[in-house]
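Each remark here refers to the structure printed beneath this line.
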Amino acid sequence: MDLSTMNKEQLEAIKATEGPLLIMAGAGSGKTRVLTHRVAYLLDEKQVPSYNILAITFTNKAAKEMRERVDKLISEDAAKMWISTFHAMCVRILRRDISYLGYDTSFSILDPLDQQSVVRDILKTRNLDTKQHNPRSILAVISNYKNQLIKPEQAVAEAAGFQDELYSEIYKDYQEILYRNSSLDFDDLIMLTIELFNRKPDVLNYYQTRFQYVHVDEYQDTNHAQYQLVQMLAAKYRNICVVGDSDQSIYKFRGADIQNILNFEEDYPEARVIKLEENYRSTKTILDAANAVIDNNTERKPKNLRSNKGDGVKIDVNVSFSEREEGQRVVQKVQELSDKYSYGDMAVLYRANAQSRAVEDAFVKSSIPYKMVGGTKFYSRMEIKDLMSYLKVIQNPFDDISFQRIINVPKRGIGAKTIDKLRAHAEQLNSSIYDAIRDADFLGIPAKTVGKLMSLLQVLDNLKEKSKYLTMTELVDEVLADTGYHDMLSSDKTLEARSRLENLEEFKTVTREFDNDNPIADDNLFNFLSDMALVSDQDGMDDNSGVTMMTMHASKGLEFPVIFVVGLEEGIFPSRRVQFDDQELEEERRLMYVALTRAMDHLILSRAESRMLYGKTETNMQSRFLSEIPEELLESAGTMAAGFSGGSGVTTGTGSSFARGPKKRSRIINTNKTGTAFNVGDKVSHKAFGEGIISQVKGEGDNTELDIVFKTAGPKRLLANYAPLEKKD
DNA sequence: AACTCTCGTTTTTTT
DNA sequence: AACGAGAGTT
């Protein structure tokens with residue numbers, strides 16, 4: 001193994017194999033390289049059996065990459081080493097021993113949509129309104145409990161106040177339902193692994209003994225439960241190496257606790273701390289900008305990240321009139337740079353997925369190949385969810401959540417009433433819908449429907465048999481054929497149905513890949529489902545062919561020669577919701593820091609003066625983050641109106657005709673829609689509400705809101721732009 | 001039971 | 001603007 005290219009600190013980190021070690025790795029400081037070499041060093045130089053090594057990452061991608069890179073470095077095969085995500089690791093552990101906790105080993109893993117339907121069900125049975133109690137926020141509370149390792153009983157006991165009491169009760173219901181369905185959500189995977197370890201010390205001891213060397217990547221992103229899990233695993237040998245950068249902590253919203261990394265030295269007083277501060281990725285200009293921005297955070301340990309490269313070129317800043325023009329500017333720049341860089345060398349980053357639209361449109365129009373990471377998720381498409389539900393039910397018949405999804409898809413004439421009866425019966429039996437169907441005869445379900453249910457059961461049982469000897473690809477085909485799902489879509493000639501069929505076809509590339517890696521075994525289906533549950537849309541498509549589009553969050557850990565950051569506007573980034581919360585604001589700033597430090601050579605920042613987002617046009621000032629970059633690092637031409645906090649004089653790129661063309665067009669579209677002007681006192685008539693009088697006019701242009709008192713329908717607030725209104729004289 | 005339409009909500013980020 | 005839940009209709 002060649003360590004000659006390592007700098008002093010890197011080398012130190014690689015060789016400090018014994019005892020606790022904290023590697024504070026700044027962006028682009030060769031963190032992954034150090035980690036992989038460290039593992040390789042353990043294997044090759046220290047002769048540690050691969051069996052004794054554990055490395056935990058947050059994404060599948062990181063895990064995969066790490067394994068590949070380690071494999072390249074070492075002489076022997078390291079198949080027995082565990083390199084996996086927290087969640088995949090826990091699935092593996094639970095799969096062996098979850099029966100100690102009373103769960104079935106063929107448990108399903110719920111995705112967020114499934115979770116929602118469980119919560120909705122609970123709200124329904126409790127006669128609660130989903131409008132007053134938002135399922136998503138309830139799930140956030142539940143997730144919080146689990147991250148804090150608080151069990152339902154404890155949550156209920158400690159609840160104070162009406163909402164706490166209610167939500168903790170819902171948590172309890174939720175957890176019971178999951179248990180009955182042999183289903184776990186993501187947070188359960190961690191929480192239950194810890195519970196397993198607590199209840200079965202010998203199981204814990206097995207893993208403690210096995211994993212003599214524990215590594216955790218992105219340690220700043222661990223939540224309390226994950227932290228706890230790591231502590232347990234490393235308690236015996238205390239050979240724990242954590243790597244992270246507190247400036248890149250951007251997942252607080254899902255429970256990440258930055259204190260985990262900040263307190264490492266207290267947790268392990270004997271710990272060594274090594275700082276990697278030499279950046280090999282970005283030009284000095286880019287790094288200076290990133291450092292200047294992050295320097296505005298008060299709650300941070302100062303760090304001195306040095307560039308290893310030259311100054312490079314200045315940072316481009318574009319100010320556009322609209323988000324459409326912003327997209328066109330990106331395209332223009334992409335084309336400019338495309339003789340020097342391939343499309344795969346470039347990435348466009350944005351704060352929220354909703355912003356991707358305008359950029360995507362521009363790419364489509366100019367036929368520039370692109371790929372989007374995340375966003376409208378492939379795996380949450382209806383047809384994919386349906387197929388997965390079939391597979392889940394075949395694997396785990398107790399999974400009522402999936403069963404209810406597919407029981408009448410395609411339409412089999414099994415309606416809400418029948419399902420209600422089955423559910424009630426299943427509850428009485430303390431069993432599943434699948435089982436309840438066997439008693440359908442006695443439940444007052446019409447004979448015709450009973451027949452349908454029976455034949456469905458037959459089909460599923462058959463498929464279960466088939467699953468034992470078919471490849472996943474074959475099984476998917478059989479499922480689609482036997483259940484009538486394929487026929488349902490192919491007989492429907494709409495464009496939508498056709499695209500759904502295409503998606504299912506696309507899905508088979510995933511199964512094919514799985515089949516290639518996995519010879520047929522008894523538990524093929526289980527393994528496939530486990531993999532799938534933990535796979536995100538970010539994984540897979542590794543092709544290097546187009547410009548990458550993704551959220552800044554998704555970009556963490558990646559690097560590109562050319563990076564675009566769009567939507568640098570107050571209210572967008574930083575997001576409106578955090579503008580007045582200092583802590584949240586610092587988290588956003590770290591996100592900006594992450595985004596900037598993804599770039600190697602070129603950084604192009606842009607903002608739009610007005611933006612149509614979520615159905616309305618808004619005008620925003622320049623993002624404070626943009627203003628925080630020293631002017632001398634920016635490429636400017638011409639002058640524009642000042643931005644946030646006095647503005648640093650950031651300007652348009654060219655002020656050329658390019659900027660004006662779309663400007664006009666957008667304006668025309670806006671005025672066309674608005675049409676008539678409305679004033680207080682005007683009499684109007686509305687398609688549905690009838691006659692009324694305008695009592696107030698708020699906002700302007702697209703945003704004009706009208707308060708109207710209707711004769712019969714009473715007072716309403718309407719958007720002038722969209723309401724079917726006619727002015728009367 | 002299936003379909004259609006309307007209404008209201010949503011929009012941060014995700015393993 | 002887009003989407004989904006729920007109500008109302010056939």
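Since this is a predicted model, take the numbers as computed values, not measurements. Note that these values count all heavy atoms, side chains included, but never hydrogens, waters or copies made by symmetry. Just so we're on the same page: letters track the sequence lines, and every chain starts at 1.
To the nearest angstrom, C1' of C:dG4 lies 15 Å from NZ of A:Lys385. Straight-line distance from the CG atom of A:Asn127 to the P atom of C:dG6: 13 Å, rounded to whole Å. Put simply, CZ on A:Arg324 is 15 Å from C1' on C:dA1, counting in whole angstrom units. Rounding to whole angstrom units, NZ of residue A:Lys124 and P of C:dA5 are separated by 10 Å. In this entry the distance linking CE of A:Met488 with C1' of B:dA2 reads 14 Å, nearest Å. Separating the CG atom of A:Asp581 from the C1' atom of B:dT13 is a distance of 15 Å, rounded to the nearest angstrom. Rounded to whole angstrom, the span from the CD atom of A:Gln115 across to the C1' atom of B:dT15 amounts to 11 Å. Atom-to-atom, CG of A:Leu189 to P of B:dT14 comes out at 19 Å; the value is rounded to the nearest Å.
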So which protein N/O to nucleotides 8-11 of chain B N/O distances come out below 3.5 Å?
| residue | atom | partner | partner atom | Å |
| --- | --- | --- | --- | --- |
| B:dT10 | OP1 | A:Asn134 | ND2 | 3.2 |
| B:dT11 | OP1 | A:Arg136 | NH1 | 3.4 |
| B:dT11 | OP2 | A:Arg136 | NH1 | 2.1 |
| B:dT11 | O5' | A:Arg136 | NH1 | 3.4 |
| B:dT11 | O3' | A:Arg577 | NH2 | 3.1 |

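Regarding contacts with the backbone of B:dT13, every side-chain N or O of A:Ser575 stays at 4.0 angstrom or more from both OP1 and OP2. Residue A:Thr418 has a polar side-chain atom (N or O) positioned under 4.0 Å from OP1 or OP2 of B:dA1. Look at A:Arg120 and you won't find any side-chain N or O under 4.0 angstrom from OP1 or OP2 of C:dG4.
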Task: From CA spacing to verdict: side chain to side chain contact (heavy atoms under 4.5 Å, CB included), A:Leu443, A:Leu422 - done: CA-CA 8 Å; A:Leu443 301 176; A:Leu422 289 171; 4.0 Å; yes
- [ ] Give the intermediate values and the outcome of side chain to side chain contact (heavy atoms under 4.5 Å, CB included) for residues A:His224 and A:Asn147.
- [x] CA-CA 6 Å; A:His224 177 72; A:Asn147 289 161; 5.5 Å; no
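Not counting sequence neighbours, the partners of A:Ser356 by the side-chain contact (heavy atoms from CB on, under 4.5 Å) test are A:Tyr350, A:Met372, A:Met549.
Looking at heavy-atom distances under 4.0 Å, A:Asn408 makes contact with sugar-phosphate atoms alone, never a base. Residue contacts for A:Phe253: at a heavy-atom cut-off of 4.0 Å it reaches a base atom on one of the strands shown. Backbone-only engagement by A:Ala416 is indicated by non-hydrogen atom pairs under 4.0 Å involving sugar-phosphate atoms exclusively.
Between A:Gly415 and A:Leu591, the one whose closest nucleotide on DNA chain B sits nearer the 5' end is A:Gly415. When the nearest nucleotides of DNA chain B are assigned to A:Lys411 and A:Phe86 by heavy-atom distance, the more 5′-ward of the two goes with A:Lys411.
For A:Thr551, whose side chain is taken as the heavy atoms from C-beta onward, the closest listed nucleotide among B:dT15, B:dT13, C:dA2 is B:dT13. The side chain of A:Met612 lies closest to C:dA1, out of B:dT15, B:dT13, C:dA1.
Counting heavy atoms from C-beta on, the side chains of A:Arg412 and A:Thr483 come closer than 4.5 Å. You'll find the side chain of A:Glu618 stays beyond 4.5 Å of the side chain of A:Glu569, heavy atoms only.
Neither side chain, A:Glu326 nor A:Gln328, offers a donor N or O lying under 3.5 Å from an acceptor on the other.
Taking atom C1' on both nucleotides, C:dG4 is separated from B:dT13 by 22 Å, rounded to a whole Å.
The local environment of CZ in A:Arg95 is crowded, with over 12 non-hydrogen atoms from other residues, nucleotides or ligands closer than 6.0 Å.
Within the structure, side chain to side chain donor-acceptor pair (under 3.5 Å) contacts touching residues 249-260 of chain A (residues at least two apart or in different chains) are A:Thr222-A:Asn260, A:Lys252-A:Gln583.
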